[in-house]
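Remarks on the structure that follows.
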There are 2 protein chains.
Amino acid sequence: MRPDDLPEVRRLPLFQKMEAANFDELVGKSYMQTFPAGLEMIRQGDPADFLHVMLEGAVELYAKWGGRECTMAVVRPVSTFILAACIKDAPYLMSARTLERSRIILIPSAGLREIFRRDTEFAVSVVTELAASFRSIVRNTKGLKLRNSRERVASYLLRQSRLLDDAPSYRLPVEKRLLASYLGMTPENLSRTIKTLEDHGVKVDGMRVIITDRKKLVDLAQPDTLIDGPDPDALGTGSSLPPVQRWA
Amino acid sequence: MRPDDLPEVRRLPLFQKMEAANFDELVGKSYMQTFPAGLEMIRQGDPADFLHVMLEGAVELYAKWGGRECTMAVVRPVSTFILAACIKDAPYLMSARTLERSRIILIPSAGLREIFRRDTEFAVSVVTELAASFRSIVRNTKGLKLRNSRERVASYLLRQSRLLDDAPSYRLPVEKRLLASYLGMTPENLSRTIKTLEDHGVKVDGMRVIITDRKKLVDLAQPDTLIDGPDPDALGTGSSLPPVQRWA
DNA sequence: TCCCGACATTGATCCAGGTCAAGTTTTCCG
DNA sequence: CGGAAAACTTGACCTGGATCAATGTCGGGA
């Protein structure tokens, strides 16, 4: 484990306020691992023995059923994932694969549960993170059930801009293929939908998104605080794609 | 508050293991309220000042956006709801309306957060419940994104039977209108879908469900532990309809 | 018990979005 | 670089499910 990794981990909301001794104890039981790109590192149904902390790279959380699969979230550093399964000591509900070569810290879930019981600040952080994750996926479900695919795309694109203080242009944080699956549609349909949005205030060229007429886009997307935020919940890994980056 | 209510509340997973003194303190700050049927008792966006404990009746949790709305869950006694919003001290993401005249205990969320910090067993119960809720809604989202509406209906009907030790017949716990919305489809489509399922092992007559050929139904529904359970998660109010009752 | 309003079913029709099949562009590696 | 694989786009077509409209059925209150 590199020496400059730990401070970053320590700064995560989940670990920030816990006792130093307890943090050290957790870290002592953990180990770091590097995975190549494209590896299924977690298979849904397996026991959740480790909380994962992303240090570097990108991981897709996805679900499988029958032959089908769908993207549930994409995790980027620095953040943790699959907290709920660890707390419940239950099998993973989702699979995970690396999108890039990734460095990840594995923290034994037994240790988490133990320290939860004796470190109040840590307990508060855990419960806050879990509540945030829950609320994040509730928002997501609301979007899926209440909006059609065009509205979902429009509000996704608008939401990302808002995260950057209404930046007029930014870069998509993931491939369109993943975005489509995350939004519950096919890549073909996403492609076509994006084209029809050009008349409604947003243009997408490759990975680049340009808001050409914010008012028009807002009219169409009808953003709603209780679905799209501004969203203190989204900090954790409930169910979201990574935040965008401003266009360089 | 009726004297025989409290033991039932105390027996809930959330309160069972906490210190008696702390339980009493919470109860002391709470009060009971009776709502008539059909009342919007929680409006999404309002601050979450109270954890709700259903004693009697039935409540629908639903989400609104634009003119549309959809059912997220139905809560029956004895259980709690909107824990996550209380923990985060954040606005409700869903609205709630009574389906029947309902008796409900309101526990101030500030008190919850306070006792969480000093009662370890309670903290464990809270975090367990939240993790379960999270997992429950993840399952739900997987069902929505991976299955078409026919598969969702088939697995719903099969799942309810399983909850009753594979009972061959049971009564739907909610109106079909609500079931349809919960499953993400229109009542019309649910009606038609049910009809087509008669050739596939299940018959629905009014509120009564009869499994006529379990094997056929299983073939079609392809139940999956990681979506349909058996599901220790579903205890809480993540995102589910109430358990069915065996047909009398 | 009757009647009203809500729920449920059924039929006809429409359309959003999926599927299949080529192309085209981008990305990644040797 | 160069070439193959993957991602993306575009077009044609089809279908699952929504919508609209009409009728049937049930449950609860006067």
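Each chain gets a letter, A, B and so on, in the order its sequence line appears, and its residues count up from 1.
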Separation of [N] [atom2] from [X] [atom1] (nearest whole Å):
X	N	atom1	atom2	value
Lys176(A)	dA6(D)	NZ	C1'	14 Å
Met207(A)	dA6(D)	CE	C1'	13 Å
Arg97(A)	dA6(D)	CZ	C1'	14 Å
Leu99(A)	dA6(D)	CG	P	15 Å
Glu175(A)	dT9(D)	CD	C1'	15 Å

Give every pair of a protein N or O atom and an N or O atom of nucleotides 18-22 of chain D that lie under 3.5 Å apart, one pair per line with the distance.
| residue | atom | partner | partner atom | Å |
| --- | --- | --- | --- | --- |
| dA18(D) | OP2 | Thr186(B) | N | 3.4 |
| dA18(D) | OP2 | Thr186(B) | OG1 | 3.1 |
| dA18(D) | OP2 | Asn189(B) | ND2 | 3.1 |
| dT19(D) | O4 | Arg192(B) | NH2 | 2.8 |
| dC20(D) | N4 | Glu188(B) | OE2 | 3.3 |

Which pair of non-hydrogen atoms, one from Leu183(B) and one from Leu144(B), has the smallest distance, and what is that distance?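 Nearest pair, atom of Leu183(B) first, then Leu144(B): O-CD2, 4.0 Å.
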For Met32(B) and Asp5(B), which heavy atoms make the closest approach, and how far apart are they?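 Closest approach of Met32(B) to Asp5(B): SD-OD2, 4.2 Å.
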Find the distance between CE (Met72(B)) and NZ (Lys145(A)) and round it off to the nearest 0.5 Å.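 Between atom CE of Met72(B) and atom NZ of Lys145(A) there are 6.0 Å.
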How long is the gap from OG1 on Thr34(B) to CG on Leu39(B), to the nearest 0.5 Å?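 Output value for this atom pair is 12.0 Å.
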Five pairs at each end of the helix from dT1(C)-dA30(D) to dG30(C)-dC1(D): take the axis at both ends and give me the angle between them to 10°.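 Terminal axis comparison yields 50°.
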Once side-chain contact (heavy atoms from CB on, under 4.5 Å) is applied, do any residues pair with [X], and if so which ones, sequence neighbours excluded?
X	result
Lys176(B)	Leu172(B), Leu190(B), Ile194(B), Val204(B), Met207(B)
Pro223(A)	Leu158(A), Arg162(A), Val218(A), Ala221(A), Asp228(A)
Ala84(B)	Ala131(A), Phe134(A), Arg135(A), Leu130(B)

Taking the six-membered ring for Trp, is the centroid-to-centroid distance between Phe50(B) and Tyr31(B) below 6.0 Å?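 Centroid separation for Phe50(B) and Tyr31(B): below 6.0 Å.
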For nucleotides 25-30 of chain D, give me one character per nucleotide, 5' to 3': B if any protein heavy atom sits under 4.0 Å from the base, S if the only such contacts are to the sugar-phosphate, - if neither. ------
Reading DNA chain C in the 5' to 3' direction, which nucleotide is the first one with an atom under 4.0 Å from a heavy atom of chain B, and which is the last?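 Answer, 5' to 3': dC7(C) to dA12(C).
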Which residue pairs pass the salt bridge (charged side-chain N to carboxylate O under 4.0 Å, His left out) test when at least one of the two sits in residues 192-204 of chain A, sequence neighbours left out?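 Checked against salt bridge (charged side-chain N to carboxylate O under 4.0 Å, His left out) - neighbours excluded - no pair reaches residues 192-204 of chain A.
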Return each pair, listed once, that meets salt bridge (charged side-chain N to carboxylate O under 4.0 Å, His left out) where at least one residue sits in residues 31-54 of chain A; pairs must be two or more places apart or across chains.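 Sorted result for residues 31-54 of chain A: Glu40(A)-Arg43(A), Glu40(A)-Lys64(A).
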Using the salt bridge (charged side-chain N to carboxylate O under 4.0 Å, His left out) criterion, which residues pair with Arg101(A)? Sequence neighbours excluded.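 Once residues adjacent in sequence are excluded, Arg101(A) has no partner under the salt bridge (charged side-chain N to carboxylate O under 4.0 Å, His left out) criterion.
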Tell me, please, which residues at least two apart from Arg68(B) pass salt bridge (charged side-chain N to carboxylate O under 4.0 Å, His left out).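 Here the qualifying residues are Glu151(A).
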Sequence neighbours left out, what passes ring pair (Phe, Tyr, Trp, His ring centres under 6.0 Å) with Phe35(B)? Give chain and number order.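 Expected list: none.
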